[in-house]
Amino acid sequence: KRFKEAIKIYEKILKIDSKSIPAYIQMASIYLREKNFDKAMKLAKKSLLIKKENPGAYFIIGASLLAKGKVEEAIPNLQEAIKYNPTFAQAHYVLAIAFYNYKHFEQAIAECELAIRYNPKLIGPYVLSGILYMRKKYYDNAIENLKKAIKFSPFNPYFHNLLGIA
């Protein structure tokens with residue numbers, strides 16, 4: 001959790017090489033984790049000026065917009081991230097969240113399935129798809145996905161609660 005030190009290092013890198021996409025993306029990722037969405041997006045957008053085909057930048061912008069409640073703006077950015085990296089599991093998962101928030105439940109399930117396919121150890125898609133399957137009354141699918149989430153995080157009471165509801 002030495003984010004401030006990391007930021008200083010990336011700032012030094014950018015003084016040496018102002019076109020270092022990895023430095024922009026890593027700094028933007030730190031700001032995203034710290035919930036400083038405006039700074040995260042600003043840095044991601046700077047990296048897009050250097051290279052448009054930049055899935056990390058689109059992901060950071062989309063995730064930041066989603067966190068700010070701008071679902072409609074988040075979706076195309078997340079789709080761009082996936083366009084440039086179709087196996088980007090986290091982008092599929094965050095897009096699933098965006099579709100869920102936008103009440104596009106079928107699309108959310110499809111994105112969860114893709115996220116699971118590309119990274120079967122990512123917990124979020126199992127939980128979200130479990131919730132979505134419960135909503136559709138597909139309880140067997142919900143139970144299957146929630147049990148997988150519990151395998152990864154066996155002491156999470158929220159997951160056990162959802163499984164009990166399913």
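Worth saying up front: this structure is predicted, and the values here are computed from it rather than measured.
Minimum interatomic distance between Y139 and M134 (heavy atoms only, all atoms of both residues): CE2-O, 4.0 Å. Considering every non-hydrogen atom in both N119 and A89, the closest pair reads CB-CB, 3.5 Å. Minimum interatomic distance between A6 and I30 (heavy atoms only, all atoms of both residues): CB-CD1, 3.6 Å. Nearest heavy-atom pair across H160 and P154 is NE2-O, 2.7 Å. Contact detail for L65 and E73: the closest heavy-atom pair is CD1-O, 3.6 Å.
Considering CG of L163 and OH of Y158, their distance stands at 12.5 Å, rounded to 0.5 Å. Here I25 contributes atom CD1 and Y10 contributes atom OH; the two are 11.0 Å apart, rounded to the nearest 0.5 Å. Interatomic distance, L162 CG to L128 CG, rounded to the nearest 0.5 Å: 10.5 Å. A distance of 9.5 Å separates NZ in K147 from NZ in K151, rounded to the nearest 0.5 Å. For the atom pair H104 NE2 and Q107 CD, the distance stands at 6.0 Å (nearest 0.5 Å). Atom CD of E5 is separated from atom CD1 of I7 by 11.5 Å, given to the nearest 0.5 angstrom.
The side chain to side chain contact (heavy atoms under 4.5 Å, CB included) check on I9 picks up I13, with sequence neighbours excluded. Every residue was checked against the ring-ring contact (aromatic ring centres under 6.0 Å, His included) condition with F159, not counting sequence neighbours, and none meets it.
Looking at H92, its side chain never comes within 3.5 Å of a backbone N or O of L78 through a donor-acceptor pair. A distance-only check finds no donor-acceptor pair linking the side chain of N85 to the backbone of A81 [under 3.5 Å]. Y118 places no side-chain N or O within donor-acceptor distance of the main-chain N or O of Q90, the cut-off being under 3.5 Å. For Y31 (side chain) and Q26 (main-chain N/O), no donor-acceptor pair under 3.5 Å exists by modelled atom type. Judged by distance alone, with hydrogens and angles left aside, the side-chain atoms of N161 form no donor-acceptor pair with the main-chain N or O of P157 at under 3.5 Å. Between the side chain of S129 and the backbone N or O of P125 there is at least one donor-acceptor pair closer than 3.5 Å.
Counting heavy atoms of neighbouring residues, nucleotides and ligands inside a 6.0 Å radius, atom CD of E72 does not exceed 12 of them. Remark: R135 CZ is loosely packed, at most 12 non-hydrogen atoms of other residues, nucleotides or ligands lying under 6.0 Å away. Counting heavy-atom neighbours within 6.0 Å of Y100 OH, excluding the residue itself, gives a total of 12 or less.
Looking only at side-chain heavy atoms (C-beta outward), I116 and N145 come within less than 4.5 Å of each other. When side chains are defined from C-beta on, I82 does not count as touching P55, because their heavy atoms never get closer than 4.5 Å.
Residues F99 and F105 keep their aromatic ring centres 6.0 Å or farther apart.
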Salt bridge (Lys or Arg N to Asp or Glu O under 4.0 Å) between E144 and K148, intermediate numbers included: CA-CA 6 Å; E144 177 186 342; K148 288 177 182 174; 3.3 Å; yes

Between M27 and E11, does the side-chain contact (heavy atoms from CB on, under 4.5 Å) criterion hold? Intermediate values first, please. CA-CA 8 Å; M27 274 186 19; E11 286 172 343; 4.0 Å; yes

Test salt bridge (Lys or Arg N to Asp or Glu O under 4.0 Å) on K83 and E80 and set out the steps. CA-CA 5 Å; K83 173 180 153 185; E80 280 294 300; 3.7 Å; yes

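Under a hydrophobic-cluster definition in which Ile, Leu, Val, Met, Phe, Trp and Tyr are linked whenever side-chain heavy atoms come within less than 4.5 Å, directly or via other members, Y138 and L146 are assigned to the same cluster. Each of I50 and Y58 belongs to its own hydrophobic cluster when Ile, Leu, Val, Met, Phe, Trp and Tyr are linked at side-chain heavy-atom distances under 4.5 angstrom. In this structure, L114 is not a member of the same hydrophobic cluster as I75, with clusters built from ILVMFWY side-chain heavy atoms closer than 4.5 Å. Residues F88 and Y93 share a single hydrophobic cluster, defined by chaining ILVMFWY side chains whose heavy atoms lie under 4.5 Å apart. Hydrophobic clustering (side-chain heavy atoms under 4.5 Å, transitive across Ile, Leu, Val, Met, Phe, Trp, Tyr) keeps Y84 apart from L95.
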Which atom pairs, donor and acceptor, lie under 3.5 Å between side-chain atoms of residues 39-49 and protein residues at least two apart or in another chain?
from	atom 1	to	atom 2	distance (Å)
S47	OG	A44	O	2.7
S47	OG	N54	ND2	3.0

